[in-house]
Structure formats: structure tokens, C-alpha cells
Amino acid sequence: MSDTDKVFAGSIPKLYDEHLVPMIFAGYADDIARRVAALSPSALLEIAAGTGAVTRAVAAALPGGVRYVATDLNEPMLAVAAQRQAGDDRICWRQADALALPFGDAEFDVVCCQFGAMFFPDRVKGYSETKRVLRPGGTFVFNVWDRIEENVFADDATTALGKLFPDDPPRFMARTPHGYFDQGIIRADLERAGFGNVSIETLAATSCAPTPDLVAFAYCQGTPLRGEIEARSGGDLQAATDAVADAIRARHGSGPVEAKIQALVITARP
């Protein structure tokens with residue numbers, strides 16, 4: 001993983017929240033919320049909360065009186081989340097590194113994380129930290145994206161940019177968001193961290209957008225893919241966005257578009 005893969009700054013958090021969240025994240029956030037609510041936690045920690053897609057869904061599913069701490073490494077992302085959900089006094093927003101959680105042992109009944117584990121520099125260490133802050137009998141619920149070929153718009157964007165920059169193709173989407181999908185590796189990482197009861201479920205869904213241009217804009221300008229494009233020699237961001245839009249239009253049509261997305265949902269207990 002490149003250092004720039006974790007840079008969600010500038011205009012990216014706002015664009016990510018406005019466009020990518022409804023397009024690919026919201027449905028999976030609702031799924032995580034249902035799973036968390038079924039566990040009836042009294043103290044809940046969210047790791048890699050991003051702009052708060054899961055936080056909003058989980059908060060709506062939980063009763064009052066729950067202690068809910070939402071964290072993210074990137075303060076600009078967390079600032080968007082906190083602004084979106086101002087006034088919910090159950091939630092404490094805190095900048096935190098998943099590999100060095102600033103909490104005591106056995107503080108939480110449940111830890112959840114949506115599409116964050118792919119960004120952990122050391123996943124076993126991150127999972128070990130999660131286990132440390134879980135109470136006995138606690139549950140870790142998280143998801144990761146499946147391989148890029150199962151996530152059609154991301155694959156379309158990556159292929160189109162590969163043709164535009166054949167000597168140095170931007171590979172952020174394949175490398176990081178869709179780079180941690182091997183169920184054997186995921187299970188082994190969790191077991192090395194001390195989780196002995198691991199369940200992995202494949203969950204397919206459909207991504208929808210009103211136009212191909214919006215899909216291209218979301219991926220090219222609302223993710224760290226933007227930095228990769230701008231770093232390329234002659235990397236005109238708008239030209240690259242237009243090339244991706246043209247590729248999606250050619251494959252899916254010029255009106256409202258939809259395509260398959262797929263994730264793995266993992267439940268783990270020590």
C-alpha cells in the first residue's frame with residue numbers, strides 16, 4: 001500500500017460523503033447496523049468511521065444510553081461525520097490509529113469497522129488491538145471489499161485509467177480497497193491476533209448512479225485515486241475523469257447506471 005492511499009484530505013471527504021456513500025457504502029452500512037443492533041451493546045467502538053455512514057446507520061438502530069465512540073485516523077473525514085451528526089450526545093468522536101487504540105483493555109462489548117481493515121499497515125496488529133479493547137464474549141464486526149472484478153464500476157475505472165496511463169497505471173482501487181479479499185488470509189490474520197471464532201459471508205449488492213459522469217467523478221475525485229491521477233505526467237484530472245465516464249457510458253449506457261458490487265462481512269470473537 002502506498003502512503004498516499006490513506007490520504008483523504010482537501011475536497012475528498014466532502015465528495016466522498018456526497019457521492020460514494022450513497023453509491024456504494026450506504027447499503028453495507030445498514031447491514032453492519034443490523035448486525036451490531038442484534039448484539040445489543042452497551043459500549044460500542046467504531047474504527048475507521050470515515051464520514052460516518054455506519055455511525056449514522058448504527059446510531060439510528062440503537063437505543064439511548066449506549067456509549068458509542070467513533071474513531072478515524074483522518075481528522076478531515078471525522079470532521080464531516082461529526083458535522084453530519086451533531087447533537088447526538090451518545091457519540092464521542094475521536095481521532096485514533098487502529099493500530100494503537102487510545103482505550104483501556106476490555107472497554108467495549110462490540111467493535112465495528114466498515115471498509116477500513118484494507119488500509120491497516122499491519123492487520124494482525126490492528127486486530128490484536130481490537131481484541132484487547134473487547135470485553136470477554138465481545139464481538140468484532142467488519143467488512144472489506146471483495147476482489148475488484150466483483151466490483152464493476154471500480155474495475156471499469158481502473159481499466160480505463162490503465163489505458164490512459166499505460167506506462168504507469170493508477171492502481172489505487174485494485175491495490176488497496178480491493179486488495180484484501182483472500183478469505184484464507186483474512187481468517188489467518190484474525191487467528192494470529194487471537195480470534196478463534198471467525199465467520200465470513202459474501203454479500204453482493206447493486207451500485208446505482210444517475211449518470212456515468214457521476215460514477216467517474218466519485219471515483220476519480222472523491223478517493224485517493226485523485227492523487228495518483230494528478231501525480232502522473234500529464235495527469236489532467238478532468239481528462240481522466242472524462243475518460244472513465246466514457247468507458248462507463250460505453251459499457252452501461254448514458255442514462256441511470258447500475259452495476260454489481262460485492263463485499264465480505266466478517267464476524268469474529270476471541
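Positions are given from 1 along the sequence.
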Partners of Asp122 by side chain to side chain contact (heavy atoms under 4.5 Å, CB included), sequence neighbours excluded?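 Side chain to side chain contact (heavy atoms under 4.5 Å, CB included) check on Asp122 returns Leu99, Val124, Lys125.
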Side chains of [X] and [Y], donor plus acceptor under 3.5 Å:
X	Y	result
Gln85	Thr55	no
Asp156	His252	yes
Thr71	Arg94	no
Tyr68	Glu46	yes

Joint hydrophobic cluster, [X] plus [Y], side-chain heavy atoms closer than 4.5 Å:
X	Y	answer
Val215	Met173	yes
Phe103	Val66	no
Val111	Val36	no
Val21	Phe153	yes
Ile91	Leu73	no

Let me confirm one number: the [atom1]-[atom2] distance from [X] to [Y], rounded to the nearest 0.5 Å.
X	Y	atom1	atom2	result
Ser254	Ile248	OG	CD1	13.0 Å
Tyr16	Thr223	OH	OG1	9.5 Å
Leu15	Phe217	CG	CZ	4.5 Å
Leu134	Tyr127	CG	OH	13.5 Å

Before you tell me yes or no, could you show the steps for Phe172 and Tyr219 under side-chain contact (heavy atoms from CB on, under 4.5 Å), namely the whole-Å CA-CA distance, both residues' side-chain angles and the distance that decides it to 0.1 Å? CA-CA 10 Å; Phe172 164 72; Tyr219 278 100; over 6 Å; no
Between the side chain of [X] and the main-chain N/O of [Y], is any donor-acceptor distance below 3.5 Å?
X	Y	result
Arg232	Glu228	yes
Asp72	Leu78	no
Asp236	Gln238	yes

Do [X] and [Y] have side chains that get closer than 4.5 Å, going by heavy atoms?
X	Y	result
Val110	Leu45	no
Glu129	Phe120	no
Leu161	Pro169	no
Phe115	Pro177	no
Leu203	Tyr28	yes
Phe140	Cys113	yes
Leu62	Pro41	yes

Stepwise side-chain contact (heavy atoms from CB on, under 4.5 Å) test for Leu164 and Ile229: CA-CA 10 Å; Leu164 191 64; Ile229 293 168; over 6 Å; no
Report, one line per pair, each donor and acceptor closer than 3.5 Å where one atom sits in a side chain of residues 255-268; sequence neighbours left out.
residue: Lys260; atom: NZ; partner: Glu150; partner atom: OE1; Å: 2.6
residue: Lys260; atom: NZ; partner: Gln262; partner atom: OE1; Å: 3.1
residue: Gln262; atom: NE2; partner: Asp146; partner atom: OD2; Å: 2.7

Looking at Asp17, Asp88, Asp30, which one forms a salt bridge (Lys or Arg N to Asp or Glu O under 4.0 Å) with Arg56?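 Exactly one pass, corresponding to Asp17.
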Pick one: which of Lys131, Arg132, Arg135 meets salt bridge (Lys or Arg N to Asp or Glu O under 4.0 Å) with Asp105?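 By the salt bridge (Lys or Arg N to Asp or Glu O under 4.0 Å) criterion, Asp105 pairs with just one of Lys131, Arg132, Arg135: Arg132.
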Can you list the steps and then say if Asp155 with Arg147 is a salt bridge (Lys or Arg N to Asp or Glu O under 4.0 Å)? CA-CA 9 Å; Asp155 197 28; Arg147 67 183 73 240; over 6 Å; no
Residues Arg249, Asp246; criterion salt bridge (Lys or Arg N to Asp or Glu O under 4.0 Å); working and verdict: CA-CA 5 Å; Arg249 189 175 295 108; Asp246 289 343; 2.9 Å; yes
Are there over 12 heavy-atom neighbours, none belonging to Gln83, within less than 6.0 Å of that residue's CD?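 No, CD of Gln83 has 12 or fewer neighbouring heavy atoms, counting only those of other groups under 6.0 Å.
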Verify the neighbour count for atom CZ of Arg171: are there more than 12 heavy atoms of other residues, nucleotides or ligands below 6.0 Å?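 12 or below, so no.
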Can you see which heavy atom on Ala33 is nearest to which on Ala61, and at what distance?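 Shortest heavy-atom contact: O-CB, 4.3 Å.
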Nearest non-hydrogen partners of Thr176 and Met118, listed with the distance: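 Nearest heavy atoms, Thr176 then Met118: O-CB, 3.3 Å.
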Checking side-chain contact (heavy atoms from CB on, under 4.5 Å) for the pair Phe108/Leu44: CA distance, chi angles, key distance, verdict? CA-CA 6 Å; Phe108 301 96; Leu44 169 66; 5.6 Å; no
Could you check whether the rings of Phe25 and Trp145 sit parallel, tilted or perpendicular, using 30° and 60° as the cut-offs?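 Judged by the thresholds at 30° and 60°, the geometry between Phe25 and Trp145 is tilted.
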Arg35/Asp31 ion pair, N-O < 4.0 Å: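 A salt bridge links Arg35 with Asp31.
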Considering only NZ, NE, NH1 and NH2 on the basic side and carboxylate oxygens on the acidic side, decide whether Arg67 and Asp109 come within less than 4.0 Å.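 Here Arg67 does not pair with Asp109 in a salt bridge, since their nearest N and O are not under 4.0 Å apart.
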May I have the list of side-chain donor-acceptor pairs in residues 182-198 shorter than 3.5 Å, sequence neighbours left out?
residue: Asp182; atom: OD1; partner: Gly184; partner atom: N; Å: 2.9
residue: Asp182; atom: OD1; partner: Ile185; partner atom: N; Å: 3.0
residue: Arg187; atom: NH1; partner: Val198; partner atom: O; Å: 2.9
residue: Asp189; atom: OD2; partner: Tyr180; partner atom: OH; Å: 2.8

